[in-house]
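Computed over heavy atoms, backbone and side chain alike; hydrogens, waters and symmetry mates excluded. Keep in mind the model is a prediction, meaning the values are calculated, not measured. So you know, we letter chains A, B, ... as the sequences are listed, proteins then strands, and number each from 1.
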Amino acid sequence: MTITRRHLLALSGGIAATAALSACGTNTGRTSASPTATGGGASAKPNLSQWYHAYGEDGVQDAVKTWASEFDGANVSVNWVASDYEKGVSTALLTDNAPDIFEYANGPTLDMIKAGQAADLTDVVGDAKDSFTPRVMERLTYQGKIWAVPQTVDMQLLYYRPSLLAKARLQPPTTLDALVAAAKAQKTNDMGGFFAGNDGGLGVLGSLLIWGAGLEQISADKKSAGFNDARLYAAVGTFKSFFDSGALLKGASTDWSDATPFINGETAMQWGGLWDLPKVKQAFGDDVGVLPFPSTGNGGRPAVPFGAFSSVVNAHGKNVETAKQFVQWLWVDSEDKQVQFSNAFGCHIPAKPKLFSEADKVASGQGAQAAKFVSDHGFVDDLFWTPAASQAYSTALSNVVKSGRDARTEFTAAADKVAAELKRVNG
Amino acid sequence: MTAPVEVHARRRAPATNAHSRRRWFWVFVTPFLAGLVVFVYVPIGWSAYLSLFNARNTVTPTDFVGLGNYAYLLSDRLFLDSMATFVVFALIIVPLTFACSLGLALLLRRIGVLQAFFRSAFFIPTACSYVIAALVWRMSFFNGARFGLANTMLRSVGLDPVNWLGGENHWYWFVLVTLRLWLQVGFYMILFIAGLNAIDPQVYEAASLDGATGFGVFRHITFPLLRPTSVAVATLLLINAFQAFDEFYNTLNTVRGYPPYARPPLVYLYLISFGDGSQDLGIGSAGTLILTVVILAFSLAQNRLLSIGADR
């Protein structure tokens, strides 16, 4: 065999890859031996690793590290994952360097449960189950077992300014039609009526149109789509006319997840996150109102989406029982810490309604309303709403609203796709 | 890396025997080969294996589905849409970059002063990251708000602001194409300059003696003699267009995820295999293998097309 230049190039490519990969080989993303060991008996305790995504608020990291060090049963090291958290966790779970305890948005995915990666936490929650917000707990339950313990709840809601509504002689909108009318009435040359994202709101409001029309993403038997219904076609039709009316602001300085456009006066009303409530109140004082997404048509209902970062125990960890004890100690029993976690850093809702009164940001005013929205009208993506299902729906929605295609045809195609996907998932 | 060996070999024996050569061959080639096998061939083979299974959240699947994943993707209109998105993108970006970089190379060759400066100026964007450029394009130049740079200019001449990336019009293509053009035109310009410099000046002298001028020189001399460079550039452009991910993802992705339009194949596969923290490795692997076959077919077809009439 002779070495041609081409061979040499190909081979050097190979070794370059080797070098690059081995350079990061020592960084497994896992923290080294416990930094929290204290006292003489520490060496006898098992070691646990706990992963969090990087919370934006100052102080969270210090707080969770302090709490981890207060646990008697193990040396718990906290790993603060700066970016791409969910992909990092799901990849790590395939290896020996997996965390023992990790948080995940709305508990483990269906695939994690089915692959046996998440430990059953039914006993960990035990009788405390009823003290958590039922809609949150329901989402973490699959086949009668509880797979995660909620840490804190975030939600989205509609911000408006009562003074602007009063000027337009309107009541806070409770139906989609009223929302459209309110947006049109408040719109000026320099201020849009309603803003829900630079995509015209289709991304964040997509599922709300389903829920607001009284429908579900997935049918109760988890075998077909729950959205393919004339009520959705009607709701989307209303939204399309809103989209085309000019009262819906489609471009702003930031996306919906930041209330800056509302604060800047770029829009009279905005769909946003509860996390921005302190910022909004600072800007407008008492001239702030909050609403759930309004209902549409007969059988419609108001809706807000919520999400709960929840603690999951790796079923393949070396100390599953100790990890369960830790989760029980921190997220079931230690209510002072739970209040602090929800209240001291930004604005979140405790997962237990009885703690609302202790968390001053949701104890009264708009925060209390928001917490009640979650209890009364809270919705969360179905466990079976897989990326493929969600992509199929959002494509149909976009085709109808932005390209003017027929709703029945589009949503039926999406429903067929969802059914095929569910068959594969359930298979 | 090879220099010491040559010295060593030369010193050792005037007549290097075949046995020793073979040994040194393996000493130096083995690490490369091992890297190639472990990091390139094994993953490709493993992907092919995974693509035949329902592999969710596992790399050692047991649920064999045969060609089910391939059938699922090939019957999925979103996947087929993503292929159409690629074709549109390639049809615009490949000829456009080709023409612009060749044009720049020709212009710069003629320019008498500041040649090095202009070459550098056009080449510098190549060093910029796609992610950073995407953020600048998205947040500053083509922000959909009325005070984005492009919209401010439109408003100053009395036009309505445009929602560049919102998907209700096709202006997002303008954003994506200008972004990629800016980033890559300098690099291909350098390739063309190298190609142009390789053409023997005597050919031009002969042509000019024969009375050839202007466009005739380009058409009958420069362009045909530039063919090897042109073929390489066109192939690279096509493959790069196929691999488009960074600028699409960073220009269009939002907190709520990637919008349903302008989804090239890699973005689609990324979303469906890894979206929302899911891990559908079976579908992802099947998709990448389909893409590999398509890229191969396109490249071969393009090479065949461009080599028609080439000098034997």
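- For B:Leu271, the parts lying near chain A are the backbone and the side chain together; criterion is any non-hydrogen pair under 4.5 Å.
- Between A:Thr395 and B:Arg77, the side chains place no donor N or O within less than 3.5 Å of an acceptor N or O (distance only, hydrogens not considered).
- Of residues 66-76 of chain B, those residues with a non-hydrogen atom less than 4.5 Å from any non-hydrogen atom of chain A are, in numerical order, B:Asn69, B:Tyr72, B:Asp76.
- No side-chain N or O of B:Gln279 forms a donor-acceptor pair with one of A:Asp111 less than 3.5 Å apart.
- For B:Arg263, the part sitting under 4.5 Å from any heavy atom of chain A is the side chain, from C-beta outward, and nothing else.
- In terms of heavy-atom proximity, A:Ser394 sits nearest to B:Pro260 at O-CG, 3.3 Å.
- In this structure a side-chain-to-backbone donor-acceptor pair under 3.5 Å is present from B:Asn163 to A:Lys250.
- B:Leu252 does not touch chain A: none of its heavy atoms, backbone or side chain, sits under 4.5 Å away.
- Under the 4.0 Å criterion applied to side-chain N and carboxylate O atoms, B:Asp63 and A:Lys114 are not assigned as salt-bridge partners.
- A:Thr254 does not touch chain B: none of its heavy atoms, backbone or side chain, sits under 4.5 Å away.
- Applying the 6.0 Å contact sphere to CE of B:Met83 captures more than 12 heavy atoms from other residues, nucleotides or ligands.
- Taking chain B as the reference chain and counting heavy-atom pairs below 4.5 Å, the highest number among A:Gly206, A:Ala392, A:Ser253 is found for A:Ser253.
- A 4.5 Å side-chain heavy-atom check between B:Arg56 and A:Val425 finds at least one atom pair inside the cut-off.
- Atom CH2 of B:Trp171 is surrounded by 12 or fewer heavy atoms from other residues, nucleotides or ligands within 6.0 Å.
- With rounding to the nearest 0.5 angstrom, the OH atom of B:Tyr261 is 12.0 Å from the CG atom of A:Asn399.
- Taking the side chain as every heavy atom from C-beta outward, B:Leu78 and A:Lys417 never approach each other to under 4.5 Å.
- Comparing A:Ala413, A:Pro387, A:Ser398, A:Gly88 by heavy-atom pairs within less than 4.5 Å of chain B, the highest count is held by A:Pro387.
- Contacts of A:Tyr85 with chain B are absent, with no heavy-atom separation under 4.5 Å from either backbone or side chain.
- Most heavy-atom pairs under 4.5 Å with chain B, from the set A:Ala115, A:Ser90, A:Gly192: that is A:Ser90.
- In terms of heavy-atom proximity, B:Asn57 sits nearest to A:Leu94 at O-CD2, 3.2 Å.
- Taking every heavy atom of both residues into account, A:Lys402 and B:Glu168 meet most closely at CD-N, 4.0 Å.
- Between A:Gln391 and B:Ile272, every side-chain heavy-atom pair lies at or beyond the 4.5 Å cut-off.
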